[in-house]
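Note that the structure is predicted; figures quoted are calculated from it, not measured.
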Amino acid sequence: MSPPPPRRRRPAAATAGLGGDQVEGRRAVRELLSAGRRRVRDVWVVDAVAASAPMAEIVELAAERGVAVRAVARARLEAVARTEAPQGVIAHAEPLVEADLDQLCRSVPGWPPPFLLAFDGITDPHNLGALIRTAACAGATGAILTHHRSAHVTPTVAKVAAGGIEHLPLALVAGLPAALARLRTAGVWVVGLDPEGSDSVFDLTLATEPVALVLGAEGGGLSRLVQQRCDMLVSIPRAGGPNSLNVSAAGAVGCYEVVRRRQAGRKK
């Protein structure tokens, strides 16, 4: 059972916003239409495949939502695509609307406690998309990005997330250290994933409480100030090979340790 989606607020005019207005790829477009959480202006489908089985569900969902479907030449669709493989379909939608950070921190009686991810300088859109997809599948209740030094929801992020952006509320903040301080004040445990962390992620007994996992930039890891704002730093044990995991893989391990402990807690 997932908690009710937090109330969202539109980004201030001075910010670039989260993005997400162009969605490419069959899975991402299908989920955009299926979720029905934001207005879709139109869907472009390559005319040669518009009647094919893989596109049938997309065309049907668009019709149910009253969304115009335009059959266009492949060359035209690929000229406006921003990913390498749009899979013959592009949707144009309203941009994503920011979630309210304070609401993401709030516990709701009768629902699972907050389970958040916070991204510290993750700029690779493939990593961000993979993390959003994993977080949504793991039942995370929100994620936090920063205005600067962070990828936002580009078409590549949306495609890799495979619809995750339609289900995971995303908050956009000016600075992550200040946001983490707000989380701690609200009673959310802030846990940084760091290769040098003194505790193992598999000993994360507080995962059943309100918790935020903080993931650092590719290569650089968590910044010094972000580390200082964490309640604890945990590492993923290694049995050999490189000295750290890719950030999206590390995020998956952390997310599913939270899932494992919460499911075990419900069985007791």
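The structure places CG of Leu128 at 8.0 Å from OG1 of Thr154, a figure rounded to the nearest 0.5 Å. Interatomic distance, Cys230 SG to Leu233 CG, rounded to the nearest 0.5 Å: 5.5 Å. Taken from CH2 in Trp189 to CE in Met232, the straight-line distance is 8.5 Å, to the nearest 0.5 Å. For the atom pair CD1 of Ile122 and NE2 of His126, the computed distance is 14.5 Å after rounding to the nearest 0.5 Å. Interatomic distance, Leu172 CG to Leu101 CG, rounded to the nearest 0.5 Å: 10.5 Å. Atoms CD1 and NE2, from Ile132 and His167 in turn, are 12.5 Å apart once rounded to the nearest 0.5 Å.
Under the 4.5 Å side-chain contact rule for hydrophobic residues, Leu215 and Ile165 share a cluster. No continuous path of hydrophobic side-chain contacts links Leu225 to Val188 [ILVMFWY only; heavy atoms under 4.5 Å].
At a threshold of 4.5 Å between non-hydrogen side-chain atoms, the residues Ile90 and Val43 do not count as touching. Between Thr83 and Val160, the closest side-chain pair of non-hydrogen atoms is not below 4.5 Å. Considering only heavy atoms from C-beta on, Val40 comes within 4.5 Å of Leu32 through its side chain. Phe115 has its side chain within reach of Arg262: a pair of non-hydrogen atoms, C-beta onward, lies under 4.5 Å apart. Residues Thr146 and Phe119 fail the side-chain proximity criterion, which asks for heavy atoms closer than 4.5 Å. The side-chain heavy atoms of Pro210 and Cys105, taken from C-beta on, include no pair separated by under 4.5 Å. Contact check for Met55 versus Val89: side-chain heavy atoms found under the 4.5 Å cut-off. Two residues are said to be in side-chain contact when any heavy atoms from C-beta on lie closer than 4.5 Å; Leu170 and Leu96 meet this criterion.
A donor-acceptor pair under 3.5 Å is formed between the side chain of Thr134 and the backbone N or O of Ala130. Within the 3.5 Å criterion, the main-chain N or O of Val45 finds no donor-acceptor partner in the side chain of Arg70. Formation of a donor-acceptor pair under 3.5 Å by the Asp199 side chain with backbone atoms of Val234 is not found in this model. Without hydrogens or angle criteria, His147 side chain to Gly17 main chain gives no donor-acceptor distance under 3.5 Å. Side-chain atoms of Ser235 never come within 3.5 Å of backbone atoms of Pro237 as a donor-acceptor pair (strictly under, hydrogens ignored). With hydrogens and angles disregarded, a donor-acceptor distance shorter than 3.5 Å links the side chain of Arg184 to the backbone of Arg229. Although no hydrogens or angles enter the test, the distance criterion places a donor-acceptor pair under 3.5 Å between the side chain of Asp120 and the main chain of Ser223. Although no hydrogens or angles enter the test, the distance criterion places no donor-acceptor pair under 3.5 Å between the side chain of Glu24 and the main chain of Lys159.
Closest non-hydrogen pair, Leu77 versus Trp44, comes out as CD1-O, 3.6 Å. Taking every heavy atom of both residues into account, Pro114 and Leu104 meet most closely at CB-O, 3.5 Å. The two residues Leu183 and Ala212 make their nearest non-hydrogen contact at CD2-CB, 3.5 Å. In terms of heavy-atom proximity, Val226 sits nearest to Leu222 at CG1-CD2, 4.2 Å. When every heavy atom of Ala62 is checked against every heavy atom of Leu33, the shortest pair comes out as N-CD1, 4.0 Å. Of all the heavy atoms in Arg27 and Ala162, the pair that sits closest is CD-CB, 3.2 Å.
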Dump the intermediate steps for side chain to side chain contact (heavy atoms under 4.5 Å, CB included) on Val190 and Leu116, then the final yes or no.
CA-CA 9 Å; Val190 177; Leu116 310 176; over 6 Å; no
Take Val191 and Asp231 through the side chain to side chain contact (heavy atoms under 4.5 Å, CB included) test and state the conclusion after the steps.
CA-CA 6 Å; Val191 179; Asp231 292 299; 5.8 Å; no
List the steps, then state whether side chain to side chain contact (heavy atoms under 4.5 Å, CB included) holds for Arg82 with Thr156.
CA-CA 7 Å; Arg82 301 180 205 164; Thr156 296; 6.0 Å; no
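Take Arg39 and apply the side chain to side chain contact (heavy atoms under 4.5 Å, CB included) test, not counting sequence neighbours, and it matches Arg41, Glu94. Not counting sequence neighbours, the partners of Asp47 by the side chain to side chain contact (heavy atoms under 4.5 Å, CB included) test are Ala71.
By the 6.0 Å contact criterion, CD on Glu196 is open, its count of non-hydrogen atoms from other residues, nucleotides or ligands being 12 or less.
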Check: residues 246-258 side-chain donor-acceptor pairs under 3.5 Å, at least two apart:
| unit_1 | atom_1 | unit_2 | atom_2 | d |
| --- | --- | --- | --- | --- |
| Asn246 | OD1 | Ser248 | N | 2.8 |
| Asn246 | OD1 | Ser248 | OG | 2.4 |
| Asn246 | ND2 | Asn127 | OD1 | 3.2 |
| Glu257 | OE1 | Arg260 | NE | 3.0 |
| Glu257 | OE2 | Arg260 | NH2 | 2.8 |
| Glu257 | OE2 | Arg261 | NE | 2.9 |

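Ionic pairing of Glu166 and Arg38 is present here: one or more N-O contacts between side-chain nitrogen and carboxylate oxygen are shorter than 4.0 angstrom.
Considering Asp194, Leu176, Ile144, Leu193 in turn, Leu176 is the only one that fulfils the side-chain contact (heavy atoms from CB on, under 4.5 Å) rule with Val214.
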